[in-house]
Amino acid sequence: MYINLLSCDAQRPDKRAIAKCIAEISVNVSDSLANEFTEILLEGDVVDIELNDKSKGSGLRALRKLDIDYEIVE
């Protein structure tokens with residue numbers, strides 16, 4: 001399943017937690033690439049990632065917990 005990460009609405013976004021979350025729930029995303037995606041997201045640009053099928057429910061929940069808005073692309 002593909003999703004677009006649209007924005008992060010947290011007052012003080014935790015860059016390390018966001019990068020860790022992206023690395024854990026995504027397919028073929030290394031820690032360094034997750035850090036780059038986090039910077040891109042926090043600058044206000046859209047990031048598209050592919051979710052692991054096994055962890056899509058918990059992954060989406062983790063994104064909501066971090067106040068990250070997303071849209072499902074399929």
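Computed from a prediction, not measured in an experiment: that's the story for all the values here.
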Check: How many angstroms lie between CG in L41 and OH in Y70, if you round to the nearest 0.5 Å?
Finding: 13.5 Å

Next item on the list: Could you grab the distance from atom OG1 of T38 to atom CZ of R16, nearest 0.5 Å is fine?
Entry: 12.0 Å

Next item on the list: Decide whether V29 and Y2 are clustered together by the hydrophobic rule: side chain heavy atoms of Ile, Leu, Val, Met, Phe, Trp, Tyr closer than 4.5 Å, transitively.
Entry: no

Margin query: Does N28, at its CG atom, have more than 12 non-hydrogen atoms belonging to other residues, nucleotides or ligands within less than 6.0 Å?
Written below: no

Notebook entry, point to check: Can you list the residues that meet the side-chain hydrogen bond (donor to acceptor under 3.5 Å, both in side chains) rule with E36, with sequence neighbours excluded?
Noted result: none

Checklist line | Non-neighbouring partners of S32 that pass side-chain contact (heavy atoms from CB on, under 4.5 Å), sequence neighbours left out | finding: S30

Note to self: Using the rule side chain to side chain contact (heavy atoms under 4.5 Å, CB included), only one of D14, L66, I68 pairs with C21; which is it?
What the structure shows: L66

Checklist line | Nearest heavy-atom neighbours spanning P13 and I18 | finding: CB-CD1, 4.0 Å

Margin query: Once rounded to the nearest 0.5 Å, what's the spacing between atom CD of E24 and atom CD1 of I22?
Written below: 11.0 Å

Next item on the list: Indicate if I25 and I72 have the same hydrophobic cluster label, given that clusters are the connected sets of ILVMFWY residues with side-chain heavy-atom separations under 4.5 angstrom.
Entry: yes

Checklist line | Listed partners of K65 passing side-chain contact (heavy atoms from CB on, under 4.5 Å), at least two apart | finding: none

Checklist line | Nearest-0.5 Å distance, OG of residue S26 to CD1 of residue I3 | finding: 7.0 Å

Check: In Å and rounded to the nearest 0.5 Å, what is the CD1 to CG distance from I40 to N35?
Finding: 11.0 Å

Item checked: Other residues, nucleotides, ligands: >12 heavy atoms within 6.0 Å of D45 CG -> yes

Notebook entry, point to check: What do the steps show when you test M1 against L60 for side chain to side chain contact (heavy atoms under 4.5 Å, CB included), and what is the final call?
Noted result: CA-CA 11 Å; M1 173 168 72; L60 295 176; 3.9 Å; yes

Item checked: Hphob cluster co-occupancy, L33 + L5, side-chain heavy atoms under 4.5 angstrom -> yes

Item checked: C8 SG to L42 CG distance, which is reported to the nearest 0.5 Å -> 5.5 Å

